[in-house]
Amino acid sequence: SIELNSLRLDDPVTTTDYVRIGLEICVLVYSLHYTFSQIKEIREVGPRGFTNFWNTMDLLRQALFYVCAFQYVVLLNDDLRRNLSLPIVKFQNFAALAKREELYSTMSAFNVLLIILIMFKFLLVFPKMGLFVHTISGAGKDLANFMMLMLVILFGFAVMGHLMLGHVLEDYRTLLDSMQAVMYMALGEFDFPSLVSASSPVAASMYFYSFVAVVPIVALNMVIAIIF
């Protein structure tokens, strides 16, 4: 089989590209200034600064940001990337370059997710908007225990689907694929006729309706009961 990977080229060409590079440099300078101020504050406070959840999240976000920035610079200065316009006279490992680009994109996306989560910290100063954060943080331990229970339940249905349907349906071919299919089913994306065609109607109905009864209905009510 042949695997195709797209590679994003961010080489500066137009005026807009150079403006973007200038803004990236400004963000980097501001991030360095913010990091040094955080390090100074941690030296004054000591290890107690790491006991706060938001501070730990912010430090993780900053560390990941610098890792992404370093990868970005390495990708831009890669010899293969910079010499794409030259005649290729020997084998070039484009796959390795594409993998590094994929890793950079994934880490950058995860960093954005951390930034979104940290934004909830600034809602705490607003009484009505901060109510959501206080409610979730208050029920955090119970929600964590419930999520562990839900993972066990979902894994059980994933094993069940793999044993019943894995030899017919590609979505249940492996345990990982089956777990992903169960996650989709929990979100309401499923194909019941394909379940029936892959096994007997009785087995498919038992599997599907027991899942619907346990996960979306019971689990949703349990989450509401924990939070409120």
Side-chain angles (χ1 to χ4, degrees), residues 1-8 53 56-57 60-61 64 67-68 71 94-120 132-133 135-228:
S1 60
I2 299 177
E3 180 182 359
L4 298 178
N5 291 294
S6 59
L7 185 64
R8 180 171 49 196
F53 172 76
T56 305
M57 288 279 291
L60 177 61
R61 192 269 312 166
L64 188 59
V67 172
C68 292
Q71 286 187 330
F94 286 96
L97 181 60
K99 290 295 183 182
R100 292 203 302 271
E101 175 73 28
E102 182 181 2
L103 177 62
Y104 162 74
S105 301
T106 303
M107 296 183 66
S108 298
F110 184 71
N111 193 24
V112 173
L113 176 61
L114 290 179
I115 293 173
I116 294 174
L117 293 177
I118 293 174
M119 288 176 62
F120 287 104
F132 170 77
V133 181
T135 302
I136 297 299
S137 60
K141 184 177 180 180
D142 294 330
L143 284 175
N145 295 331
F146 173 75
M147 290 302 297
M148 293 296 296
L149 175 62
M150 278 301 302
L151 287 176
V152 173
I153 294 175
L154 291 176
F155 182 75
F157 277 101
V159 174
M160 184 178 175
H162 173 65
L163 294 176
M164 291 175 50
L165 311 168
H167 61 288
V168 180
L169 297 180
E170 186 177 358
D171 291 341
Y172 298 86
R173 181 180 52 185
T174 64
L175 278 177
L176 184 61
D177 293 335
S178 184
M179 191 69 180
Q180 185 175 357
V182 167
M183 292 288 188
Y184 285 145
M185 193 183 300
L187 296 175
E189 184 178 343
F190 55 86
D191 186 6
F192 183 72
S194 66
L195 299 180
V196 175
S197 62
S199 61
S200 65
V202 176
S205 299
M206 178 189 67
Y207 175 70
F208 177 75
Y209 289 114
S210 62
F211 179 86
V212 171
V214 172
V215 178
I217 298 178
V218 176
L220 179 61
N221 287 300
M222 289 181 65
V223 170
I224 295 175
I226 291 173
I227 294 178
F228 297 101

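Just so it is clear, the model here is predicted, and its values are computed rather than measured.
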**Study point:** Intermediate values then yes/no, side-chain contact (heavy atoms from CB on, under 4.5 Å), Asp177 and His162
**Key:** CA-CA 9 Å; Asp177 293 335; His162 173 65; over 6 Å; no

Point to revise | Derivation and outcome, side-chain contact (heavy atoms from CB on, under 4.5 Å), residues Phe211 and Ile153 | key: CA-CA 9 Å; Phe211 179 86; Ile153 294 175; over 6 Å; no

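A distance of 10.0 Å separates CG of Leu113 from CD1 of Ile118, quoted to the nearest 0.5 Å. Here the CD1 atom belonging to Ile115 is positioned 11.5 Å from the CZ atom belonging to Phe110, to the nearest 0.5 angstrom. A distance of 13.0 Å separates CZ of Arg61 from CD1 of Ile116, quoted to the nearest 0.5 Å. In this structure, OH in Tyr172 is found 12.0 Å from CE in Met179, a value given to the nearest 0.5 Å. Atom CG of Leu195 sits about 11.5 Å away from atom OG of Ser200, to the nearest 0.5 Å. Atom CE in Met150 sits 12.0 Å away from atom CG in Leu143 (nearest 0.5 Å).
Of all the heavy atoms in Phe157 and Tyr207, the pair that sits closest is O-OH, 3.1 Å. The shortest heavy-atom contact between His167 and Met164 is CE1-O, 3.0 Å. Of all the heavy atoms in Leu169 and Ser194, the pair that sits closest is CD1-O, 3.9 Å. Residues Ala158 and Ser178 share a closest heavy-atom pair of O-OG, 2.6 Å. Closest approach of Cys68 and Tyr104 over heavy atoms only: O-CE1, 3.3 Å.
Phe208 and Phe190 have tilted rings, their planes meeting at an angle from 30° to 60° on a 0 to 90° scale.
Between Val159 and Leu163, some side-chain heavy-atom pair lies under the 4.5 Å cut-off. Between Leu187 and Met183 there is no side-chain heavy-atom pair separated by less than 4.5 Å.
Residues forming a ring pair (Phe, Tyr, Trp, His ring centres under 6.0 Å) with Phe120 (at least two apart in sequence, or on another chain): Phe132.
Shown here is Phe192, whose CZ atom has more than 12 heavy atoms of other residues, nucleotides or ligands within 6.0 Å.
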